[in-house]
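The structure under discussion appears below in the form of structure tokens.
Just so we're clear, the structure is a prediction, and the values are computed from it rather than from any experiment. All heavy atoms count here, side chains included; hydrogens, waters and symmetry mates do not.
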Amino acid sequence: VQLQASGGGLVQAGDSLRLSCAASGGTFSRFTMGWFRQAPGKEREFVARIRMSGGGSYHADSVKGRFTISSDNAKNTVYLQMNSLKPEDTAVYYCAADRACSGTYSGNYDYWGQGTLVTVSS
């Protein structure tokens, strides 16, 4: 399984970005796909996850109402639409995948992408 994240960049506070995560090398219809982020000097934290079977999505409280995770199963791609970005959203964003119904714990995810940097200036 390979995950390729893209879409990061430098934006100003209040702007929007959409991250993409293209998955390959497996059958993803039963996977859980997640987004995590890691800011400099901080631990990796959960952002959002979605069950590719159509079992719903879940977002961290810190991003709820601003970020939306979605998927295009035909393309094996997961997206993270990020609106109203804040400087504290600055981090490397990672997509992750797991064969089980994983939640918010990063240790449950077996596969990881390389990360894409999001920088939000004030």
Side-chain angles (χ1 to χ4, degrees):
V1 173
Q2 293 84 42
L3 304 176
Q4 181 70 41
S6 61
L10 172 63
V11 296
Q12 293 186 331
D15 285 350
S16 298
L17 273 179
R18 188 177 79 158
L19 305 183
S20 300
C21 175
S24 61
T27 302
F28 298 94
S29 58
R30 295 184 181 275
F31 273 54
T32 297
M33 305 291 291
W35 285 100
F36 291 78
R37 66 185 182 185
Q38 188 165 17
K42 295 188 177 181
E43 294 186 353
R44 191 169 297 187
E45 66 170 351
F46 169 80
V47 176
R49 66 106 175 109
I50 189 167
R51 291 179 178 154
M52 302 294 279
S53 63
S57 60
Y58 180 76
H59 299 76
D61 287 343
S62 59
V63 305
K64 201 169 292 184
R66 299 188 299 123
F67 292 10
T68 303
I69 190 171
S70 63
S71 66
D72 184 335
N73 287 29
K75 296 181 179 180
N76 288 337
T77 300
V78 175
Y79 304 97
L80 185 68
Q81 178 66 44
M82 305 186 295
N83 299 329
S84 302
L85 282 161
K86 304 175 181 180
E88 50 263 44
D89 295 319
T90 295
V92 177
Y93 283 71
Y94 298 90
C95 63
D98 187 70
R99 298 178 187 275
C101 296
S102 298
T104 65
Y105 176 50
S106 61
N108 287 340
Y109 289 77
D110 292 331
Y111 307 101
W112 291 83
Q114 83 289 2
T116 185
L117 177 62
V118 173
T119 304
V120 185
S121 63
S122 57

Does [X] reach the side chain of [Y], with side-chain heavy atoms less than 4.5 Å apart?
X      : Y      : value
Arg30  : Arg99  : no
Leu3   : Met33  : yes
Phe28  : Asn73  : no
Ser121 : Gln12  : yes
Thr32  : Tyr109 : yes

Within a reach of under 6.0 Å around NZ of Lys64, are more than 12 heavy atoms found that belong to other residues, nucleotides or ligands? yes
From [X] atom [atom1] to [Y] atom [atom2], the distance as rounded to the nearest 0.5 Å:
X      : Y     : atom1 : atom2 : answer
Arg66  : Ser84 : CZ    : OG    : 7.0 Å
Cys95  : Tyr79 : SG    : OH    : 12.5 Å
Ser106 : Glu43 : OG    : CD    : 9.0 Å
Glu88  : Arg37 : CD    : CZ    : 8.0 Å

Looking at every non-hydrogen atom in both residues, tell me the closest pair between [X] and [Y] and how far apart they are.
X      : Y     : value
Ser122 : Ala13 : CA-CB, 4.4 Å
Thr116 : Gly7  : OG1-N, 4.0 Å
Ala39  : Ala91 : N-CB, 3.8 Å

In terms of hydrophobic clusters joined by side-chain contacts under 4.5 Å, are [X] and [Y] together?
X     : Y      : answer
Tyr58 : Val78  : no
Phe46 : Val92  : yes
Leu80 : Leu85  : yes
Trp35 : Val120 : yes

Between [X] (side chain only) and [Y] (backbone N and O only), is there a donor and an acceptor less than 3.5 Å apart?
X      : Y      : value
Thr119 : Thr90  : no
Gln4   : Gly113 : no
His59  : Ile69  : yes

Taking only residues two or more places apart in sequence or in another chain, which ones pass salt bridge (charged side-chain N to carboxylate O under 4.0 Å, His left out) with Arg18? none
List the steps and the verdict of side chain to side chain contact (heavy atoms under 4.5 Å, CB included) for Leu19 and Val118. CA-CA 9 Å; Leu19 305 183; Val118 173; 4.0 Å; yes
Side chain to side chain donor-acceptor pair (under 3.5 Å) filter on Asn83, not counting sequence neighbours, yields Ser16, Gln81
Could you check Tyr94, Tyr93, Trp112 and say which one makes a ring pair (Phe, Tyr, Trp, His ring centres under 6.0 Å) with Phe36? Trp112
So, Lys86 and Asp89, do they make that salt bridge, N to O below 4.0 Å? no
